[in-house]
Undergrad: 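Quick one: the structure is below, and I'll ask about it shortly.
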Amino acid sequence: MDRGPGQLMGPYEIAQRLGVSRQRFQQLARYPTFPKPYQELRGMKVWLADDIERWIKEYRQPRPTEDDTPA
């Protein structure tokens, strides 16, 4: 029996995961390096969570934390 594609993420979940607004996510989704949607539903697209996590590891710089700021 097929187990399915794995966890899916919509624009809202991806924006939250990236820590950006939904508008900024829409900009990022147009980058040539951004993963292609797994499926386009009526009204929205969904991505495989594994594809998004791979993209984050390869293309997103870690955000500075409070520990990174000079005292």
Side-chain angles (χ1 to χ4, degrees):
M1 179 171 263
D2 188 10
R3 295 190 60 155
Q7 184 176 357
L8 301 174
M9 298 176 83
Y12 178 79
E13 291 84 10
I14 297 170
Q16 280 192 317
R17 173 66 180 90
L18 295 173
V20 299
S21 69
R22 287 174 53 189
Q23 292 81 11
R24 178 65 179 142
F25 160 74
Q26 293 298 332
Q27 293 172 340
L28 294 171
R30 288 193 288 267
Y31 283 20
T33 59
F34 199 81
K36 299 295 180 219
Y38 171 72
Q39 193 167 28
E40 292 190 36
L41 307 172
R42 187 187 322 184
M44 75 180 240
K45 300 173 184 177
V46 292
W47 286 259
L48 294 173
D50 288 343
D51 289 349
I52 298 301
E53 293 302 327
R54 273 192 294 278
W55 184 83
I56 289 169
K57 285 180 184 175
E58 188 168 349
Y59 293 101
R60 292 290 286 187
Q61 295 294 320
R63 295 194 179 259
T65 64
E66 289 182 18
D67 294 339
D68 294 334
T69 57

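Quick note: residue numbers are just sequence positions, from 1.
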Undergrad: Taking all non-hydrogen atoms of both residues into account, name the closest pair between A15 and S21 and its distance.
TA: CB-O, 3.9 Å

Undergrad: Consider only side-chain heavy atoms of I, L, V, M, F, W and Y, link residues closer than 4.5 Å, and tell whether L28 and W47 are in one cluster.
TA: yes

Undergrad: In residues 30-39, what donor-acceptor pairs under 3.5 Å come from side-chain atoms, sequence neighbours left out?
TA:
from: Y31; atom 1: OH; to: R24; atom 2: NH2; distance (Å): 3.3
from: T33; atom 1: OG1; to: W55; atom 2: NE1; distance (Å): 3.3

Undergrad: Given the rule that I, L, V, M, F, W and Y join up when any side-chain heavy atoms are under 4.5 Å apart, are Y59 and L18 in one cluster?
TA: yes

Undergrad: Keeping to residues at least two apart or across chains, list the salt bridge (charged side-chain N to carboxylate O under 4.0 Å, His left out) pairs with something in residues 43-55.
TA: R17-E53, D51-R54

Undergrad: Kindly work out whether a path of hydrophobic side-chain contacts (I/L/V/M/F/W/Y, heavy atoms less than 4.5 Å apart) joins F25 to M9.
TA: yes

Undergrad: Taking atom CD of Q7 and atom CD1 of I52, what is their separation to the nearest 0.5 Å?
TA: 11.0 Å

Undergrad: Taking salt bridge (Lys or Arg N to Asp or Glu O under 4.0 Å) as the definition, give me every residue that meets it alongside E13, ordered by chain and number, with sequence neighbours left out.
TA: none

Undergrad: Which ILVMFWY residues can you reach from Y12 by hopping between side chains whose heavy atoms are under 4.5 Å apart?
TA: none

Undergrad: Could you see if I56 belongs to whatever hydrophobic cluster contains V20? Use Ile, Leu, Val, Met, Phe, Trp, Tyr and a side-chain cutoff under 4.5 Å.
TA: yes

Undergrad: If you look at every heavy atom in G10 and M44, which pair is closest and at what distance?
TA: CA-CE, 3.8 Å

Undergrad: Using the test salt bridge (Lys or Arg N to Asp or Glu O under 4.0 Å), find all partners of R22 that sit at least two apart in sequence or belong to another chain.
TA: none

